[in-house]
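For reference, the structure is listed below as structure tokens.
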There are 2 protein chains.
Amino acid sequence: MSVTQPVRSPRRRAPRNSLNADRILDAAIALLDRDGAEAFTMRALAQELGVGTMAVYSHFRGKDEISDAVAQRLMDTIELPRTGTGDPRGELREVCRGVYRLFTEHPSALQLLTIRPLRGDDAIAVIDRMLDLLRRAGLDRTAAARAHVALMQYTVGSALWNTRRARALCEEGVRDRVRAKLDALPADRYPALVSLAPELLCAQDQRTEQYEFGLDGILDGLLGGGRGL
Amino acid sequence: MSVTQPVRSPRRRAPRNSLNADRILDAAIALLDRDGAEAFTMRALAQELGVGTMAVYSHFRGKDEISDAVAQRLMDTIELPRTGTGDPRGELREVCRGVYRLFTEHPSALQLLTIRPLRGDDAIAVIDRMLDLLRRAGLDRTAAARAHVALMQYTVGSALWNTRRARALCEEGVRDRVRAKLDALPADRYPALVSLAPELLCAQDQRTEQYEFGLDGILDGLLGGGRGL
DNA sequence: ACCTGAACACCGTTCAAGT
DNA sequence: ACCTGAACACCGTTCAAGT
């Protein structure tokens, strides 16, 4: 029978060397940010690139190696504030906000980043900068190390919390169901919660303000002289 | 040919009603804590129960529903300190430590818990208690709501960070590789990091002390009067 | 009703083969 | 060397069937 070429040709063979590690990482980040971590699939990634699934394996050993490379690449996009004349506290605040912004701008990559936080030249530069600022703020060696870890933990936790929330709230009706559940709580059993329900919902909406509220509190507590009373 | 019964009989049929939601949740938590989240599989869960894969579906709609129930069950195991005569700050500290302990004792369930933190009667009681204590500590309505969220975010972030670290460090040789990497860093480029490397490694090892260091800092900052200088 | 295996549409990855 | 599809061992879940 005379047939034309199949209407939907499955895919013409990709020209040699049209694929490389950079293109793959770009596509991976785009895929993660657009469709979320659970859609980050070798098959989906290959399709995003217009290429057979196995083509990617010529450039990376496997999915884990791609994840690592994505995490490293993202960390390298953090911009450090100019090493200022200003106070250490203000600079520290800026560095933390930069890390937080990165985490929330690439929500799906956040979990990749929390696994091995010590990758990438710029990530290391961030850590070095934070430690330096903490020392200059007057903390001793042990306190500086601990304060750095605490700040990173808070930042990771805050970003994770907010992105999970944001994703959940995207689903239809979740917002109303949460509100209804809060309204249905017995006020005699949970008086504080029922009373503060509006403020709680508001706090979760104003995510940047919420992060900065906690950040300022932590910085006050860690830098401000000693255990206050 | 004459054959005996197969040496390994695949599985005798489970007696009726030997399975129920509680047994399934017990097995799920055991599986999660023992083998980790990535081993939490419907097939593995059924095997743990000595039952066909699909038997579980008679009691739960699917894996998501089991995850939700696990999260709720775990949250209900948090013990609140006796509503003390003591200072709000000390009680608040105890509640946070309880939440942190739960998160670290069930590391694999942590991610389940971060998705929908508002499930379960006891979880709600924890929230109510924290809000009440924050109010009694003198915070206004907005500050109490924000402080509660910040404390939860820090606690989740800290538990997540530590359990990821702990799991990574279990792998053979990771510990030495991290140390080697830190030693190999150019001291002129990252002076603070190289100098504080021992303190950093130490801070990540002493996990409970690290959590409490940050917790005390946050409590100081949030409760101690105003922005210090 | 409760439990079962077969089957379906996915997943990451191995392998032998094309160019 | 770079890219390909077929195949393998997994996964969650649907379905028709057994008891």
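A note on names: the letters A, B, ... follow the listed sequences, proteins ahead of strands, and every chain is numbered from 1.
- Across the protein-nucleic acid pair, R61(B) atom CZ and dT14(D) atom C1' stand 15 Å apart, rounded to whole Å.
- The side chain to side chain donor-acceptor pair (under 3.5 Å) check on D132(B) picks up R136(B), with sequence neighbours excluded.
- Residue N17(A) has its side chain nearest to dC2(D) when only dC2(D), dC3(D), dC3(C) are considered.
- Listed by chain and residue number, R61(A) satisfy the salt bridge (Lys or Arg N to Asp or Glu O under 4.0 Å) test with E65(A) (two or more places apart in sequence, or in another chain).
- Listed pair Y57(A) / dT14(C) fails the phosphate criterion, with no side-chain N or O lying under 4.0 Å from OP1 or OP2.
- As rounded to whole Å, 15 Å separates atom C1' of dC2(D) from atom CZ of F60(A).
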Considering only nitrogen or oxygen atoms on both sides, find all protein atoms under 3.5 Å from nucleotides 15-18 of chain D and state each distance.
unit_1, atom_1, unit_2, atom_2, d
dG18(D), N2, R13(B), NH2, 2.6

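- For dC3(C), the OP1/OP2 oxygens have a side-chain nitrogen or oxygen of H59(B) closer than 4.0 Å.
- Side-chain contact between L19(A) and S58(A) is absent, with no heavy atoms from C-beta onward closer than 4.5 Å.
- Annotation: side chain to side chain contact (heavy atoms under 4.5 Å, CB included) contacts of A150(B) (sequence neighbours excluded): Y154(A), Q210(A).
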Please table the atom pairs, donor to acceptor, closer than 3.5 Å between any side-chain atom in residues 186-200 of chain A and protein atoms at least two apart or in another chain.
unit_1, atom_1, unit_2, atom_2, d
S195(A), OG, R141(B), NH1, 3.1
E199(A), OE1, R141(B), NH2, 3.1
E199(A), OE2, R141(B), NE, 2.8
E199(A), OE2, R141(B), NH2, 3.3

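- Among pairs with a residue in residues 36-51 of chain A, those fulfilling side chain to side chain donor-acceptor pair (under 3.5 Å) read R34(A)-E48(A), at least two apart in sequence or across chains.
- For T53(B), the listed nucleotide lying nearest its side chain is dT13(D); candidates were dT13(D), dG12(C), dT4(C).
- In this structure, of dC3(D), dC3(C), dG12(D), it is dC3(D) that holds the atom nearest to the side chain of S18(A).
- A search for side chain to side chain donor-acceptor pair (under 3.5 Å) contacts involving Q206(A) returns R146(B), not counting sequence neighbours.
- For the pair Y100(B) and S158(B), the tightest heavy-atom approach, listed with the atom from each and the gap, is CE1-OG, 3.8 Å.
- Applying the side chain to side chain donor-acceptor pair (under 3.5 Å) test to E105(A) and every residue at least two apart in sequence or in another chain returns nothing.
- Legend: residues meeting salt bridge (Lys or Arg N to Asp or Glu O under 4.0 Å) with R73(A), ordered by chain and number and at least two apart, are D22(A), D26(A).
- Within residues 24-49 of chain B, the residues approached by DNA chain D to less than 4.0 Å at the level of any non-hydrogen atom are F40(B), T41(B), M42(B), R43(B), in residue-number order.
- Between I66(A) atom CD1 and dT13(C) atom C1' there is a gap of 12 Å when expressed in whole angstrom units.
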(request) State the dot-bracket string of DNA chain C. Criteria: Watson-Crick or G-U wobble, both atom distances under 3.5 angstrom; notation: ( ) intrastrand, [ ] crossing earlier pairs, | interstrand, . unpaired. (result) ||.|||||...|||||.||

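- Rounded to whole Å, atom P of dT13(C) lies 8 Å from atom NZ of K63(A).
- Checked against side chain to side chain donor-acceptor pair (under 3.5 Å), R93(A) has the following partners two or more places apart in sequence or in another chain: D216(A).
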